[in-house]
Amino acid sequence: MMLKVTGKMIEVRKYNSKDIRIKELGGVPMLTVRGDLSNKRFQTIIAKTCDVRIPKPLNIKSSKNLSLAWMSPDELLIFSFSGAFHEKTQKGLDSALKGLHSLILDVSGARSLFLVEGILWRELLAKGSPVDVRQSSFAKDAFRRTRIGQVSVAFWMASDNSVYIICGRSHSDFFYDWLCNAASDGSLTKYF
Amino acid sequence: MKKYSAFALVKEAFNNHLGWGRAWRHAQPKKRYKVIIVGAGGHGLATAYYLGKNFGIRDVAVIEKGWLGGGNTGRNTTIIRSNYLQEESAAIYEKSRSLYETLSQELNYNIMFSPRGVMMLCQTEHELRAMKRTYYANRLFGVQTEMVSPMRMKEMIPIINTDGPRYPILGGLWQPRGGTARHDAVAWGYARAISSWGADIIENCEVTGIVREASKVASIQTTKGSIDCEKLCFVVAGSSSLLAELAGFRLPLESVALQALVSEPIKPVMDCVVMANTVHGYMSQSDKGEMVIGGGADGCNNYSQRGSFQHIEETVRALIETFPIISRLRQLRQWGGIVDMTGDRSPIISKTPVENIFLNCGWGTGGFKAIPGSGWATAELVAHGNPGKLAAPFSLARFVEGRMIDESIAAAVAH
Amino acid sequence: MSTRISKAGRLLDRNKRLSFTFNGRNLFGFQGDTLASALLANDQVLVGRSFKYHRPRGFVSSGVDEPNALMSLGHGGNFEPNRSATTVELVDGIEAVSQNHLGSLDWDLGFINNFFAKIFPAGFYYKTFMKPRFAWKHLFEPIIRNAAGLGRAPSLPDEAAYDYFYAHVDILVIGAGMAGLLATYELAKSGLKVTLVEQKHYLGGYALSDDFEVDGVAVPKWLENIEKKLIDSDNVQIKKNFTAIGVHDHGYLIGCENLEVAEKMGRSSIRHRLWRLRTKQIVLATGAIERPLIFAGNDIPGVMLSSAALDFYKLYGVSPGDRTVVVTNNDSAYLTAINLYNAGLSVPVVIDVREESSGDLFESLRSMGIRIEYGKGIASVLGKKRVKAVELCSLTGEGSVQETIECDSVIMSGGWSSAVHLWSHCGGRLIWNDQLDTFLPDASKSPIDENGEDFIAVVGAASGSFWPSEVVQNVKQIVQKIQKKFKTSKVKSSSISIQEIKYGDSNSKYFTPEGASEKLKSKCFVDFQNDVKLSDLRLATQEGYESVEHLKRYTTLGMATDQGKLSNINGLKYLADFLGREINEVGTTTFRPPYTPISLGSIAGEARKGLFKPVRKTTLHLWHEANGASWEPVGDWRRPYAYLKKNETIEQAVSREVTNTRNALGILDASTLGKIIVSGPDAANFLDLMYTNMISTLQVGRCRYGLMCNENGFLFDDGVVVRLAEETFLCHTTTGGADRVYSWMEEWHQTEWWNKRVFIQNVTEQFTQITIAGPKSRLLLEELGGLDVSRVSLKPLDYLEGELAKIKARVFRISFSGELSFEIAVPSQFGLEFWEKCLETGSQFGISPYGTEALHVMRAEKGFIMIGDETDGTVIPQDLNLGWAVSKKKKDFIGKRAQERIFMNDPNRKTLVGLSLQNSSEKIPDGASVIIGGVDQANDNVIGHVTSTYFSPTLDKPIAMALLKDGKNLLGRSIEIPVDSEKILKAIVSEPKFYDAEGNRQND
Amino acid sequence: MLRFKCPVCNTVADETELSPGGEAHIERMGPGSSDDAFYKYLFERKNPLGIHFERWFHAYGCGKWFHAARCTKTMEIFGTYKAQEIKPPKHIIDAITKKRPNWKNE
Ligand SMILES: Cc1cc2nc3c(=O)[nH]c(=O)nc-3n(C[C@H](O)[C@H](O)[C@H](O)COP(=O)(O)OP(=O)(O)OC[C@H]3O[C@@H](n4cnc5c(N)ncnc54)[C@H](O)[C@@H]3O)c2cc1C
Ligand SMILES: NC(=O)c1ccc[n+]([C@@H]2O[C@H](COP(=O)([O-])OP(=O)(O)OC[C@H]3O[C@@H](n4cnc5c(N)ncnc54)[C@H](O)[C@@H]3O)[C@@H](O)[C@H]2O)c1
Ligand SMILES: Cc1cc2nc3c(=O)[nH]c(=O)nc-3n(C[C@H](O)[C@H](O)[C@H](O)COP(=O)(O)O)c2cc1C
Ligand SMILES: [Zn+2]
């Protein structure tokens, strides 16, 4: 399933169980930005170029065109919802960050994006991730890097009834199979 | 000491077995010994045994902080093999294995050495090449091994899944005279032998201090008082760093928890030992019927003798992949042992910075198989004050010189 | 006989009849039965054979402590051995089969062992079978092994599914007896979130079979009411069929949920679910386990625990027999006696090892006119496959028979052991309580969490509160403590009034008669499953195995599937008596997880078959698959080893791929190679430390082959470094090394050289990397168009960026095959498109894909090293003639100091050479040892080993590389390679360069 | 199974999200150091029974290394701190001595 980074989200494949819908989404451009997130100038440039402020640690923040996710004290991940915006952002950052110790890389081809929908989405995460995904600990805007099963992932809520998950591209077939298995009928407990 | 035999058993049967004496004497420390060995695990007891047998040194005490054999000797998965790649390792492990062959008779204690064969799986091209290299090296060093094809393996081990989807089995290195032994019996058998000729085994006696005079040790302090000695030998596996600290030096060791588990007993289904290094798991079936399974080591320093569950998970996964029928067996018990890991994962048999202290440690995850050979070599070191041919490569100095003896090339796990 | 009694059977739904089979016999039970109660209701008293002596055995208990009633269930992919019938909820169609007999359960040939029991005491095998030596392996051990095990192993892979669940809970209450239920209720009332788990399929615990009243209602009704309230409560979650199996560090608890019934009913696709719980607070309410008494014949079918008999009667309406003799050291067996009597069954005598008893139950017994014999014991139980009678004797003395009392069942109680297993798993200490005759948790030495605080509270019988009113008090206290810890607003605990039954004092006697002769001792069973008798304990202690741990290991006491739940304390008591010490001094053996055995399947969870371990795939994976790839696992990846055409062997394919690449054009998926960006003002300087080479002198737009060593000086990875820009480098690594090298760099940067301004980013997956190799590769690139790749513009080790075939690409002129070669990286979204374009455009030049093996053959022909083949963790670059890549000018790099040590400069180190055989079509064997001067005894002639070996299609002869001692001085000499005992190959040592040594082809 | 609070990203990380990195605060010996000093740096370890200053890598998380003070016997954690501290900071030492007054940092 080869994707063009058009900026248009397309459905690569999907699986529906009784309680859960799983989709792999393609075409979402991503940028990795490295820099000192606590640096005032860096903050201003990001806010200006992306039109979103740097999120708090362990958070994700969005505007209409893009989302900014906090990866670590010196790393951001930017998701663009349109291809044009992606290039604009990359170019904008490239020039604005000149002179400031930083690094901007297109990683659109390095990660796969999944959307899990259905009220039991928390349960799916709980089957594989050691993170506390109770409502009280994992809510809207939270962005968590961890593992699910044996795969390194990050996830955040898409809505009350859905969650986005990213993993490394080379793991996507395996991870998709994992998700489908975890969602299979008769295996969910309605725990949360 | 009453001799053990079938005849004696039958005779005792008529006496309700009231005639059997203690396997080893209950000893209180004397004021002074020629040699004190700290640690009544297999290696400590074997050292005492060969000191007496090969060098006539019998004025020996073996000091044990807990119960004899309660360290790693009492909690290992009992794999015995000698198909090591490096010449130095093959030499000492093969010496050991060959001593195991006759140990029951020698000690008059059935330690149930069972040369049922050890199969090491090759599951990648790379592993296959490494095993072939071991095979050729073994041949020249007189260790009998052979390479086995997947088809032949399936005949030998019917429950194995040779074409697992993830890591199909490409072959195996088979050591027919490798196997297992009854671990506790090894300690008990040596203890009975040395006790019978007068060596003292002092249990529940912890060494708490080392008293030095100039560059030498004069005596040790223990929870049962102070004891003088001419020579002192530390054989305490996971606790080696702690004793070294008492003696004023440090070691190239880290202590970590290594895990194992057994299943409930089932009728025999697998006659040999199988080690699957690529997926990290190994398994054999004991004479009682449990599947004895070895897991991974925790990566962090640990003296709790517990360890955690995640390594058990990994191991069990690997083994279900290799032996799909075991999925419905149940885990009966899991446990941990504190193993002492060196920088090159090979042991230390060495002199130390203190003139009359000797050291045997660093056997890590794989020293059960080495007990007789290591005892042999350590006795020589203690008796002469200098290592013989077997022990020489395993000195502390090798770390300074960069003369590593690295076995990780041949097998990811060293059991 | 055991039968169903019409009045009792609280858990049964008598309208739902279920059928099942035992050893092929069709039997019936009811909904609510366990397999055990249903068998017993059918008078199936003999249910198994013991491990060692094959003695006939019946049910001893009604729960997880059952040592005897293990059977095999199901068949094919659902076959399961060693299931204890007392823990199997009955469903329609169960097929149970008894185990461990030669012949039938009733007529077991293995029973012969029993006659040799006298010669086979504990540890007999240590004393015999030593001569002749070969007989152990060929005769004795096979006999012993044949006798091993209980059930058969499954013969087919498991068909069921398993999974995991991580949950984080504030408070976990384990055990839903009176204590657990009450604690949950009170904690929930104060607003705390509580999860309550119970291993059985029903709640209520022991109290469900008990006879007292709470707040004016019978206790079962009261329990039912609480359960209802809990179900309605928002902050309570109840899990039945859920066993807490192990407590681990930092509040980690493993639980196993048994969904077998739900699975059979089609309500769950999962058979067992392994729960991994993180808790802030655990409340242990695991109750207590009744102990047997020890007397001769206490293992004969029909002898069972008093609590088991009570359960069978109250919960399942099953009688243990028509005439039941009771033997006890405490009052709880009185309760059973009263119930059986009231059910119209006969209780000829209650034998009490105490001198006297008082209390309510005693009064009831007396008023019923049941005979009680104080200060008495059982000399022996008569019967073989079923109890026939008991012989009464005085407690003191040797057991001379005073009276023989006919009966068909015996119920016994030797007191209660608090279920403290989970307390102990993670470091909690125990303390023996003489008065209560049990080990109890020592609250001053509790297990601690990561903050050093205790996190387990114990309530109910598990904490020694054996009586209902005590349970209430005890729960109240613990609840208050927890409320304080969680800082909840104080809620008054409910006031509960108990119409208590007063119990008399128990005593601690555990075997009868006290002066038992040796003969009797050899019939007194302590550990039923493993056939450990009192005489075995005596023998072991007499022989000096007097540490509890030695006793256990010498006799196998407590090592059976019930892990000594019934036997351990009795064993300890014996040991303490023998040594004349307190039980506290003797101590226990270590409690270890699991609390009850759990399936290996549940431990593996979903990670089996396709989900066993991740396979990483490149963007071209599907293409390879569709085009005949024969796969090779490399690291987590799969790479095509070769592409097989119809009727081709692997060797033929490899040979074809090599020849085609050398003569025309080959294409390779090299995407798995690691790609790491290192960028920042200090990048060059940082990489100078990482690599042995000088990286800082590399010019922008140029590539350099770099080596990485560890601090020990050993070579561990290699790859081409490219300077993309003044401050930005791209470091290529081996496939297996990508993640390792990336973390390695991060580690050094973060923990040693954090002042160096660099960012390190692993971009391996961002790119599809494709190698175009062969004399026609430049033609292809020119045809694709977009970049000037002429000899002048793109020299060897140059790098260009631009568009190729309208796709953004980086082109590196590097060669691992020795041919003119380009590596091209395109963003992975365009990988397949680019690959297909190359194939399409390249068809006119005879393009053909090649796999890893062809790649390896070609690199070997050129004498290029391969990490993992030429290196093995003990090799330094100098050994491989790569000294040129180790900078002498740099002050420091990782591994530099190590390479200065004595051994690294030893002239005797092995160095890399080439080997070739003339006139042979046979490969030199992989990994073979190399000798010089013939095989000798001392092995002094071994000089090294073969590191890589191939048949070279290009040169039409076998070639190999080897690491040989003093290799440099052996050039031109003939060495020997012993293949097997007959065959020795002779090869000539050369430089490890077999083809185009000058490099004309790649530099074209 | 252990869990640590990562001082970099502040999440409580499960042991399976981390990888261990051995003893902390070992000073690197490079070219010019003596054989003995180099040996000590590379191989010799305190390996104490008790409080161990050690390194952990938040591999399945923020990707940063950090330090922790942990008891190797009870698994109690006295605190975590940045990987760039070259010795245990005061608040960690205080936390330890508060609970274990006899402990000495050797
Ligand atoms: C789970 C597991 C599986 C293993 N599997 C295998 C295998 O399959 N094959 C194999 O060959 N090897 C295996 N090993 C390794 C093997 O068990 C050990 O290498 C070997 O038992 C070490 O023996 P030892 O005598 O040196 O140490 P131990 O048996 O540990 O004896 C050391 C003794 O010293 C005592 N001691 C410590 N400190 C003091 C003190 N201060 N004063 C007095 N006494 C003290 C201890 O109490 C202990 O009894 C395994 C180890 C484990 C933990
Ligand atoms: N008279 C006596 O000598 C005596 C002795 C013992 C018990 N009792 C009675 O026992 C009751 C005490 O109540 P209690 O609640 O403490 O004990 P209980 O035995 O009634 O309940 C314990 C519950 O915990 C469950 N359990 C045990 N281990 C478990 C695990 N690992 N995972 C999940 N569940 C587990 C058991 O299945 C049981 O349902 C009182 O009714 C008391 O009268 C009396
Ligand atoms: C080879 C081997 C086989 C074992 N078999 C059993 C067994 O059948 N039953 C059992 O309960 N434990 C068995 N164990 C585990 C021991 O009970 C015990 O857990 C182990 O020796 C470690 O000691 P500890 O748990 O007392 O610390 C076995 C251990 C070994 C090394
Ligand atoms: Zn972190």
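Throughout, protein chains are lettered first and strands after them, A, B, ... in sequence-line order, and every chain is numbered starting at 1. Given the structure is predicted, the values throughout are model-derived calculations rather than measurements.
For the pair C:R553 and C:Y545, the cation-pi criterion (under 6.0 Å, within 45° of the ring axis) is not fulfilled. Judged by a 6.0 Å distance limit and a 45° cone about the ring axis, B:R192 is not positioned over the six-membered ring of C:Y126. A cation-pi contact links C:R152 to C:F79, judged by a cut-off of 6.0 Å to the six-membered ring centre and 45° from its axis.
Between B:R398 and B:D344, some side-chain heavy-atom pair lies under the 4.5 Å cut-off. At a threshold of 4.5 Å between non-hydrogen side-chain atoms, the residues C:M866 and C:H856 count as touching.
Most heavy-atom pairs under 4.5 Å with chain B, from the set C:M559, C:E546, C:H425: that is C:E546. Put simply, of B:A185, B:G74, B:G21, B:S308, the one with the most heavy-atom pairs under 4.5 Å next to chain C is B:G21. The most heavy-atom pairs under 4.5 Å with chain C, out of B:E101, B:R25, B:Q305, B:H26, come from B:E101. In terms of non-hydrogen atom pairs under 4.5 Å with chain B, the most contact-rich of C:M904, C:Q99, C:R538, C:K519 is C:R538. Annotation: maximal heavy-atom pairing with chain B below 4.5 Å, among C:I603, C:I119, C:T128, occurs at C:I603. Counting heavy-atom pairs closer than 4.5 Å to chain C, the top residue among B:Y167, B:F113, B:F309 is B:F309.
The aromatic rings of C:F116 and C:F120 are tilted relative to each other, their planes meeting at an angle between 30° and 60°.
Contact annotation for B:R182: only side-chain heavy atoms (C-beta onward) come within less than 4.5 Å of a heavy atom of chain C. Heavy atoms of C:H272 lying under 4.5 Å from chain B are absent altogether. Contact of B:H17 with chain C is made through backbone and side chain together, with heavy-atom distances under 4.5 Å. Contacts of B:N16 with chain C are made by both backbone and side-chain atoms, with heavy-atom separations under 4.5 Å. Looking at B:V269, only its side chain comes within 4.5 Å of chain C, counting heavy atoms on both sides. Contacts between B:E314 and chain C at a heavy-atom distance below 4.5 Å are absent for every atom of the residue. Using a 4.5 Å cut-off between heavy atoms, C:P142 makes no contact with chain B at all. In this structure, no portion of B:L170 lies under 4.5 Å from any heavy atom of chain C. In this structure, the portions of B:Q331 lying under 4.5 Å from any heavy atom of chain C include both its backbone and its side chain. Heavy atoms of C:Y162 lying under 4.5 Å from chain B belong exclusively to its side chain. Looking at C:R83, both its backbone and its side chain come within 4.5 Å of chain B, counting heavy atoms on both sides. For B:N108, the parts lying under 4.5 angstrom from a heavy atom of chain C are both the backbone and the side chain. Both the backbone and the side chain of B:R333 come within less than 4.5 Å of a heavy atom in chain C.
Closest approach of C:P597 and B:R330 over heavy atoms only: O-CD, 3.4 Å. Between C:G151 and C:N82, the closest heavy-atom pair is N-OD1, 2.9 Å.
For the pair C:K552 and B:D184, the salt-bridge criterion is not met [side-chain N within less than 4.0 Å of a carboxylate O]. Ion pairing of B:K2 with B:E12 is present here, as a side-chain N (NZ or NE/NH1/NH2) and a carboxylate O approach within less than 4.0 Å.
Remark: the backbone N or O of C:V946 is not paired with any side-chain donor or acceptor of C:D926 at under 3.5 angstrom.
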